[in-house]
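See structure below.
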Amino acid sequence: KINGLPVGQHPEVCALLGGVFNTRPPQPRYVFIWDVQTVLDYIKSHWHNSSEISDKFLTFKVAMLMALVSASRASAIHHLDVRFMVRGSNYYSFTFNKLHKSWIRGKPPPVLKFYAFPEDAELCVVTTLDEYVKRTKSWREVNEANQLLLGIPKPHVEVKPSTVSGWLKEMLKYTGIDVDT
């Protein structure tokens, strides 16, 4: 206490912190925002047929579409587990089985749903997930892996959130978006 007042309520301390705030106001964390349409156009022009693209580009495509459709962090996408996956008639549903930032203790685990986009199959996350799950089925059997997204090079192990972030950044580089700004 200073002069009988808690430090955070003392007028001189409050004035000092107010002055610091005025001289150094908060800045936005990200000053550059990229255009989502650029990414969608790239996918449509280069990776439109999921069954014909390489494992690497299919993985990039599915990770990017899941990130865009759900607005989820790479760490949340990384946690998706095929054991807690439900394939509905026009959606995929994933229940989280591990703690992550959006899970509030005492509440039921969050569910992430990806709905079909029948207007454009080339950009449909469900169609892309169908191809990815089919193509990676043998990888899961060999490694007994349950994570949805698996490493691209053999032995196709489960990946870390930083790997998913790296895939998203690399995908942006392919589209011509400068991720270093």
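All values below were derived from every heavy atom in this structure, side-chain atoms included, with hydrogens, water molecules and symmetry-related copies excluded. Position 1 is the first residue of the sequence; numbering continues from there.
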Sequence neighbours left out, what passes salt bridge (Lys or Arg N to Asp or Glu O under 4.0 Å) with K173? Give chain and number order.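 Partners of K173 by the salt bridge (Lys or Arg N to Asp or Glu O under 4.0 Å) criterion come out as none, since no residue qualifies.
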Check side chain to side chain donor-acceptor pair (under 3.5 Å) between [X] and all other residues, then give those that pass, not counting sequence neighbours.
X	result
R135	D55, E131
T127	none
Q37	D41
R24	none

Test L148 against every option in M66, H79, H78 by the side chain to side chain contact (heavy atoms under 4.5 Å, CB included) rule and name the one that passes.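 The residue from M66, H79, H78 that satisfies side chain to side chain contact (heavy atoms under 4.5 Å, CB included) with L148 turns out to be M66.
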For residues [X] and [Y], determine if any side-chain heavy atom of one lies less than 4.5 Å from a side-chain heavy atom of the other.
X	Y	answer
T59	Y132	yes
L149	W167	yes
L65	I43	yes

Going by the rule side chain to side chain contact (heavy atoms under 4.5 Å, CB included), which residues pair with N22 if we only count those two or more places apart in sequence or in a different chain?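 Checked N22 against side chain to side chain contact (heavy atoms under 4.5 Å, CB included); zero matches.
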Qualifying residues under side chain to side chain contact (heavy atoms under 4.5 Å, CB included), relative to L68, sequence neighbours excluded: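 Expected list: W34, V36, V39, L40, M64.
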Run through the side-chain heavy atoms of Ile, Leu, Val, Met, Phe, Trp and Tyr, join any pair under 4.5 Å, and report what else lands in F21's cluster.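 Its cluster partners, ordered by chain and number, are none at all.
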Side-chain donor-acceptor contacts of residues 156-163 below 3.5 Å, not counting sequence neighbours, with atom names and distances?
from, atom 1, to, atom 2, distance (Å)
H156, ND1, G151, O, 3.0
H156, ND1, I152, O, 2.9
E158, OE2, N146, N, 2.9
E158, OE2, Q147, N, 3.0

Could you go through residues 108-126 and list every donor-acceptor pair under 3.5 Å that involves a side-chain atom there, pairing it with any protein atom two or more places apart or in another chain?
from, atom 1, to, atom 2, distance (Å)
D120, OD1, E122, N, 3.2
D120, OD2, K44, NZ, 2.5

Decide yes or no on side-chain contact (heavy atoms from CB on, under 4.5 Å) for K1 and V7, but give the supporting numbers first. CA-CA 6 Å; K1 292 189 175 198; V7 172; over 6 Å; no
Determine, step by step, whether K56 and E170 satisfy the side-chain contact (heavy atoms from CB on, under 4.5 Å) criterion, reporting the C-alpha distance in whole Å, the side-chain angles of both residues, the deciding distance to 0.1 Å, and the verdict. CA-CA 11 Å; K56 175 181 178 178; E170 193 169 341; 3.4 Å; yes
Could you work out, with ring pair (Phe, Tyr, Trp, His ring centres under 6.0 Å) as the rule, every residue matching H10, not counting sequence neighbours?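 None.
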Ring pair (Phe, Tyr, Trp, His ring centres under 6.0 Å) against F57, all qualifying residues, sequence neighbours excluded: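 Scan of F57 (ring pair (Phe, Tyr, Trp, His ring centres under 6.0 Å), adjacent residues dropped) gives W47, Y174.
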Identify the two heavy atoms, one from S50 and one from L58, that lie closest to each other, and give their separation to 0.1 Å.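 Between these two residues, the closest heavy atoms are CB-CD1, 3.9 Å.
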